[in-house]
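For reference, the structure is listed below as structure tokens.
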Amino acid sequence: MLEIKFLRENPEVVKAGLRKRNYDENALQVVDKAIKVDADRRQSQTSLDKLLAESNQAAKKIGALYQAGDREEADKLKAIVSAAKGEIKNLEAHLDNTEKQLEDILLSIPNIPNADVPFGKGEDDNEVFQAWDKPLPELPESAVPHWDLATKYNIIDFGLGAKIAGSGFVLFRGKGAKLERALINFFLDEAEKAGYEEIIPPLLVNEASARGTGQLPDKDGQMYYAEKDDLYLIPTAEVPITNIYRDVILQEEDFPIKLTGHTPCFRREAGAHGSEVRGLNRVHQFDKVEIVRIEHPSKSYEVLAEMLDHVRGLLDKLGLPYRILRLCGGDTGFTAAITYDFEVYSAAQKRWLEVSSVSNFETYQSNRLKLRYRDSEGKRHLAHTLNGSALALARIVAAVLENNQTEDGILIPKVLVPFTGFAVIN
RNA sequence: GGAGAGUUGUCCGAGUGGCUUAAGGAGCACGCUUGGAAAGCGUGUGUACGCCAAAAGUGUACCAAGGGUUCGAAUCCCUUACUCUCCGCCA
């Protein structure tokens, strides 16, 4: 969430950011509301602190009086302090209430988009940041989408996924499973080469972690929730990995922090149907390798560019046609300051599929996480957090299967062959 | 799942209602001392939110978390989390 101090001092900057997210004048009032509640909060605290200071002093005096044997005077003072307790209780309740109200308001305000983020309402307004400038693959008439290839070669079974778990769950088998595992290992090895430390985190997280990275409260309902244990299945490795640094004060020399991890990702994604979501296009559980960076604010945009390069490299090596979108204000996620989406061309479906989303959250997550660093003068500042998919597996599999299909089978990209142990699925 | 013992600052560790402003030690930083270092000595050493134009300063809260008792709680009571030991179960 945004820092109240920033909001108080720069209300117009915040409003300009919210306009980019298509807030109308009426909705913008949330900013003034926050400032008003904050003023109330500070005033309440000042009064409460004063009362508490007085009562602390009185308590001390009572102790001294008892020790001096002056019970009468002590009892008199006791009566006075007791009488003031009601007012303290009231003020405490009021302060508590204002603090909660302020937090609710702040949680409802999304991150301020970076200046580079284009205006726009939805996905149609996203800017093509880097187009695919070579010809798109041409497949023969006989080419089929990946769900048909999956059945033809018996490598992915959607029916069994549905039988065992439900619609939206898939089962990989044989060479399909091996391909999935090969991609995971390839992505992890590439991340390791780029200097990322590999993490295997818990796949279930507590509420504090889900709040820390911003899945709660705004994305409640998109996560699977284990009620008996009050735990959430992770929608992305970003959640457990970034939360390593919840409530942490780093030293400047701890930067750069580069972490990666493969996890299954669980998403409820209610309400989608049709060909858009067929096959692997949208599933409840998919594998993903994530890269996470914790950075000094002065470095975060440099690092963002570096992350884009890393993802480009992966797709180049796999030989998949891709383009990069810069998301517009209306499509940029709640917690991100800027997001670049990578889309891969899936030639049989003739569709672009999102396979990576790389974002700089600036201080929005770190403020929730209380993730800070100490500068050379010993002052504390919020760090910047960034993350990106490198990459999301299911859709990559779809594109690899479709784009590389031939009469004689599906050709495995060269870089993957050492990981799969076979060069063709037939 | 059952029984018991714990959780104090950067770390170790004392602390059973007011002489605690959290003892003592270690670490760290700075200074003195030294040819230089070690030892020794001295000083300082957290987080959050207020007040103040700001710095200086100052107030409040924080002894796992949240509630409660009391004029006053690290200390007493309740709930929860986590750690350890033993038993049970288990890949």
Side-chain angles (χ1 to χ4, degrees), chain A residues 1-10 34-107 200-212 216 225-232 240 243-254 264 363 365-383:
Chain A
M1 59 188 167
L2 298 177
E3 288 178 279
I4 181 60
K5 201 170 154 220
F6 179 83
L7 199 142
R8 191 196 303 149
E9 286 163 9
N10 308 278
I35 290 169
K36 215 176 114 194
V37 173
D38 176 53
D40 186 6
R41 174 197 132 243
R42 286 187 294 153
Q43 205 198 336
S44 304
Q45 188 178 335
T46 305
S47 330
L48 176 63
D49 283 358
K50 210 177 130 213
L51 279 182
L52 285 173
E54 283 166 8
S55 104
N56 284 347
Q57 292 231 342
K60 235 173 245 174
K61 221 181 263 177
I62 291 167
L65 286 171
Y66 270 127
Q67 246 144 51
D70 192 349
R71 290 199 70 109
E72 207 175 303
E73 195 58 32
D75 286 341
K76 235 186 259 175
L77 199 49
K78 228 158 120 175
I80 295 170
V81 178
S82 288
K85 274 191 106 181
E87 201 183 345
I88 290 178
K89 274 245 158 80
N90 282 342
L91 259 175
E92 262 171 356
H94 182 70
L95 179 62
D96 199 51
N97 187 29
T98 352
E99 275 170 351
K100 282 205 176 95
Q101 211 184 328
L102 180 61
E103 199 192 352
D104 284 346
I105 294 171
L106 288 176
L107 285 172
I200 301 181
L203 304 182
L204 284 87
V205 296
N206 57 29
E207 190 189 323
S209 293
R211 292 185 85 85
L216 290 178
Y225 175 56
E227 196 173 357
K228 273 193 178 165
D229 300 288
D230 198 16
L231 292 168
Y232 296 85
N243 270 282
I244 293 171
Y245 290 95
R246 173 154 48 84
D247 287 317
V248 166
I249 302 180
L250 297 160
Q251 302 301 314
E252 257 181 333
E253 54 269 27
D254 293 334
T363 59
Q365 279 186 336
S366 59
N367 188 36
R368 284 195 188 183
L369 288 163
K370 297 203 183 69
L371 162 52
R372 293 147 294 170
Y373 69 94
R374 217 182 288 280
D375 68 18
S376 51
E377 287 173 2
K379 285 196 177 143
R380 290 160 309 284
H381 309 275
L382 293 171

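Lettering of chains follows the sequences in order, A, B, ..., and the numbering in each one begins at 1.
- For A:Asp38, the salt bridge (charged side-chain N to carboxylate O under 4.0 Å, His left out) partners two or more places apart in sequence, or in a different chain, are A:Arg8, A:Arg41, A:Arg42.
- What separates CD of A:Glu207 from P of B:G66 is a distance of 15 Å, to the nearest Å.
- Rounded to an integer number of Å, the gap from CD of A:Gln57 to P of B:G59 is 9 Å.
- Put simply, NZ on A:Lys5 is 13 Å from C1' on B:G50, counting in whole angstrom units.
- B:G67 and B:G13 have their P atoms separated by 29 Å, with the value rounded to a whole Å.
- Within a 6.0 Å sphere centred on CD of A:Glu9, heavy atoms belonging to other residues, nucleotides or ligands number more than 12.
- For B:G18 and B:A73, the P atoms lie 11 Å apart once the distance is rounded to whole Å.
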Dump the pairs, protein N or O against N or O of nucleotides 44-49 of chain B, anything under 3.5 Å, distances to one decimal.
from, atom 1, to, atom 2, distance (Å)
B:U47, OP1, A:Arg374, NH1, 2.8
B:U47, OP1, A:Arg380, NH1, 2.8
B:U47, O3', A:Arg372, NH1, 3.1
B:A48, OP1, A:Arg372, NH1, 3.0
B:A48, OP1, A:Arg380, NE, 3.2
B:A48, OP2, A:Arg380, NE, 2.9
B:A48, OP2, A:Arg380, NH2, 3.1
B:C49, O3', A:Arg41, NH2, 2.2
B:C49, O2', A:Arg41, NH2, 3.4
B:C49, O2', A:Gln45, OE1, 2.2
B:C49, O2', A:Gln45, NE2, 3.3
B:C49, O2, A:Gln45, NE2, 2.7

**Asked** Where each pair must be Watson-Crick or G-U wobble with both distances under 3.5 Å, what dot-bracket representation of RNA chain B is obtained, with crossing pairs in [ ] and other-strand partners as |?
**Response** ((((((((.[[[..)..(.....]]]((((((.......))))))((((((.....)))))).[[[[[..)....]]]]])))))))....
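- Across B:C32 and B:A37, the matching P atoms stand 11 Å from one another, rounded to whole Å.
- Comparing the C1' positions of B:G59 and B:G42 gives an interatomic distance of 30 Å, to the nearest angstrom.
- At a threshold of 4.0 Å, the pair A:Lys36-A:Asp40 does not count as salt-bridged, since none of the basic side-chain nitrogens sits closer than that to a carboxylate oxygen.
- Atom pair A:Asp96:CG and B:C62:P shows a separation of 14 Å (rounding to whole Å applied).
- Rounded to whole Å, the separation between the P atoms of B:U75 and B:G68 comes to 14 Å.
- Comparing B:G9 with B:G2, their C1' atoms are spaced 36 Å from each other, to the whole Å.
- For the C1' atoms, the distance from B:C28 to B:G46 is 13 Å, rounded to whole Å.
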**Request:** If a protein heavy atom is under 4.0 Å from the base, mark B; if only from the sugar-phosphate, S; if neither, -; do that for nucleotides 68-76 of chain B going 5' to 3'.
**Result:** --BBS----
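- Looking at which nucleotide of RNA chain B each of A:Asp38 and A:Ala64 is closest to, the 5′-most match is held by A:Ala64.
- Separating the C1' atom of B:U20 from that of B:G4 is a span of 31 Å, rounded to the nearest Å.
- Remark: P of B:C82 and CG of A:Asp229 are 10 Å apart, rounded to the nearest angstrom.
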Going by atom type alone, with no hydrogens or angles, which donor-acceptor pairs under 3.5 Å involve a side-chain atom of residues 50-66 of chain A and a protein atom two or more places apart or on another chain?
from, atom 1, to, atom 2, distance (Å)
A:Asn56, ND2, A:Leu52, O, 3.4
A:Tyr66, OH, A:Asp75, OD1, 3.1
A:Tyr66, OH, A:Lys78, NZ, 3.1

Which pairs, protein N/O on one side and nucleotides 52-54 of chain B N/O on the other, fall under 3.5 Å?
none

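- Atom-to-atom, CD of A:Gln251 to C1' of B:C28 comes out at 11 Å; the value is rounded to the nearest Å.
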